[in-house]
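Encoded as structure tokens, the structure appears first; notes follow it.
Here, residue 1 is the first one in the sequence, and each next residue gets the next number.
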Amino acid sequence: MIPRSSGSLYTHTENNIATIEFGHHASNSFPSELLARLAKAFDELSEDTSVSVIILKSEGDRAFCAGASFDELIAITNLEEGKQFFSGFANVINAMRKCKKPIIGRIQGKTVGGGVGLASACDYCLATEAASIKLSELTIGIGPFVIEPAVSRKIGLAAFEALAWDASQWKNAYWAKEQGLYARVFSTISELDKETQLFAEKLAGYNPEAIQQMKKVNWKGTEHWQELLIERAAISGELVLSEFTKKALEKFKK
């Protein structure tokens, strides 16, 4: 049995469409174990010949993803632990980048920090009006360094800066759509689910070889991310040990 504190992750495949659903009681945030399981799921589905397309979703009808687990951030005591934790997000983004199958993000609610990185690493995102986004890292003394390449690739550097510098402010789903993070925005979760399924079925009917070539073309020039994102993880791992960040995280202690 996986302890509840580690969250949950389920994969279901039907009609060549694989759905990955992750969950955590703290607003679908990510402890390191859940990040490792998600990266592994993408790696396995990439090689699964019965899968043509992947849907990424989270549990519940509220937050899509609250980013990193604050419990684990608070528990980091040295540089290696810090680098290892933030490398979890690096590994997931790289797994999504290298995945041979298109990944559809189904974003039903608010998304913070690493969750914005996950949405950005999807090949196509559908969202509801409730799917506001925020990069809050600077407010606790770190920065969105690991996810920056993925976010900037998707929405451009100017939009990334608008999010990263204004770290306490939410941007609504329509702003995210205007910047290119979301392809379409719906008023209800039922509409979102219906359209996500229809779109996945369309993709599943396309030539698999053309799909793989499309992924290669779209992600060309990101090969160096394998090293870059780990380097960025080391920066965050060092900053999380700073006095500023330790003090900022105090209010999150249970």
From OG (Ser29) to CZ (Phe22), nearest 0.5 Å: 9.5 Å
Which atom of Ala200 lies closest to which atom of Ile55, heavy atoms considered: CB-CD1, 3.9 Å
Considering all heavy atoms, the nearest Leu79-Leu241 contact: N-CD1, 3.5 Å
Considering all heavy atoms, the nearest Ile93-Ala150 contact: CG2-CB, 4.2 Å
Same apolar cluster (I L V M F W Y, side chains within < 4.5 Å links), Ile17/Met214: no
Single-linkage hydrophobic cluster, 4.5 Å side-chain cutoff, Val146 and Leu239 together: yes
Salt bridge (Lys or Arg N to Asp or Glu O under 4.0 Å) contacts touching residues 151-173 (sequence neighbours left out): none
Spatial distance of atom NZ (Lys251) from atom CZ (Phe70) [nearest 0.5 Å]: 8.5 Å
Sidechain-backbone polar pair: Lys101 side chain, Leu45 backbone, donor-acceptor under 3.5 Å: yes
Heavy atoms from other residues, nucleotides or ligands near OH of Tyr174 exceed 12 (cutoff 6.0 Å): yes
Thr139 and Ser136: side chain donor to acceptor below 3.5 Å: no
Between Gln84 and Glu80: side-chain donor-acceptor atoms closer than 3.5 Å: no
Cluster check Val116, Ile103: I/L/V/M/F/W/Y, side chain < 4.5 angstrom: yes
Euclidean distance, Ile155 CD1 relative to Ile133 CD1, rounded to 0.5 Å: 5.5 Å
Full working for side-chain contact (heavy atoms from CB on, under 4.5 Å) between Trp175 and Leu163: CA-CA 11 Å; Trp175 184 91; Leu163 281 172; 3.8 Å; yes
Flag, side chain of Thr11 to backbone of Ile20, donor-acceptor distance under 3.5 Å: no
Point-to-point distance, once rounded to the nearest 0.5 Å, from CD of Gln197 to CD1 of Ile104: 8.5 Å
Neighbour count above 12 (heavy atom, 6.0 Å) for Glu21 CD: yes
Pairs where residues 39-63 contributes a residue and the test ring pair (Phe, Tyr, Trp, His ring centres under 6.0 Å) is met, not counting sequence neighbours: none
Side-chain donor or acceptor of Glu72 paired with backbone N/O of Phe85 under 3.5 Å: no
Partner set under ring-ring contact (aromatic ring centres under 6.0 Å, His included) for Phe89, not counting sequence neighbours: none
Side-chain donor/acceptor of Asn207 to backbone N/O of Glu209, under 3.5 Å: yes
Pairs flagged by ring pair (Phe, Tyr, Trp, His ring centres under 6.0 Å) wherever residues 217-245 is involved - sequence neighbours left out: Trp219-Trp225
Contact summary for Pro31 and Ser6, nearest pair of heavy atoms: CG-O, 3.7 Å
Heavy-atom check, side chain of Thr111 versus side chain of Leu118, under 4.5 Å: no
Nearest non-hydrogen partners of Ser120 and Leu181, listed with the distance: OG-CD1, 3.5 Å
Identified side chain to side chain contact (heavy atoms under 4.5 Å, CB included) partner of Ile54 from the options Cys122, Cys99, Pro102: Cys99
Spatial distance of atom CG (Leu56) from atom CG (Leu38) [nearest 0.5 Å]: 6.0 Å
Sequence neighbours excluded, every pair satisfying side-chain hydrogen bond (donor to acceptor under 3.5 Å, both in side chains) that has a member inside residues 44-70: Ser8-Glu59, Asn28-Ser58, Glu47-Lys100, Asp48-Ser50, Ser58-Gln108
Counterpart residues, salt bridge (Lys or Arg N to Asp or Glu O under 4.0 Å), relative to Glu195 (two or more places apart): Arg184
Pairs satisfying salt bridge (Lys or Arg N to Asp or Glu O under 4.0 Å), at least one member in residues 111-139, at least two apart: Asp123-Lys215
Rounded distance (nearest 0.5 Å) linking atom CG of Leu126 with atom NZ of Lys177: 11.0 Å
Minimum side-chain heavy-atom gap Val151-Pro144 below 4.5 Å: no
Val112: hydrophobic cluster co-members (side-chain, 4.5 Å): Trp170
Side-chain heavy-atom pair Phe160, Leu135 within 4.5 angstrom cut-off: yes
Asn218, CG: over 12 other non-hydrogen atoms inside 6.0 angstrom: yes
Side-chain touch Gln226/Lys98, heavy atoms, less than 4.5 angstrom: yes
Side chain to side chain, Tyr206 and Val53, heavy atoms closer than 4.5 Å: no
Qualifying ring pair (Phe, Tyr, Trp, His ring centres under 6.0 Å) pairs, either residue in residues 91-147, two or more places apart: Tyr124-Phe199
Transitive ILVMFWY side-chain link Ile107 to Leu9, under 4.5 Å: yes
Cluster check Val51, Ile211: I/L/V/M/F/W/Y, side chain < 4.5 angstrom: no
Under 4.5 Å side-chain linkage, directly or through intermediates, the cluster mates of Leu138: Trp165
For Lys216, salt bridge (Lys or Arg N to Asp or Glu O under 4.0 Å) partners two or more places apart: none
Pairwise salt bridge (Lys or Arg N to Asp or Glu O under 4.0 Å) hits with a residue in residues 221-236, at least two apart: Glu148-Arg232
side-chain contact (heavy atoms from CB on, under 4.5 Å) evaluation trace for Val240 with Phe86: CA-CA 10 Å; Val240 80; Phe86 288 102; 4.2 Å; yes
Sidechain-backbone polar pair: Tyr182 side chain, Ala131 backbone, donor-acceptor under 3.5 Å: yes
Polar side-chain atom of Arg106 near backbone of Thr196 as donor-acceptor pair, under 3.5 Å: no
Asn91 and its side chain to side chain contact (heavy atoms under 4.5 Å, CB included) partner, picked from Leu35, Ile230, Leu229: Ile230
Atom of Gly143, atom of Ser236 and distance for their closest heavy-atom approach: O-OG, 3.8 Å
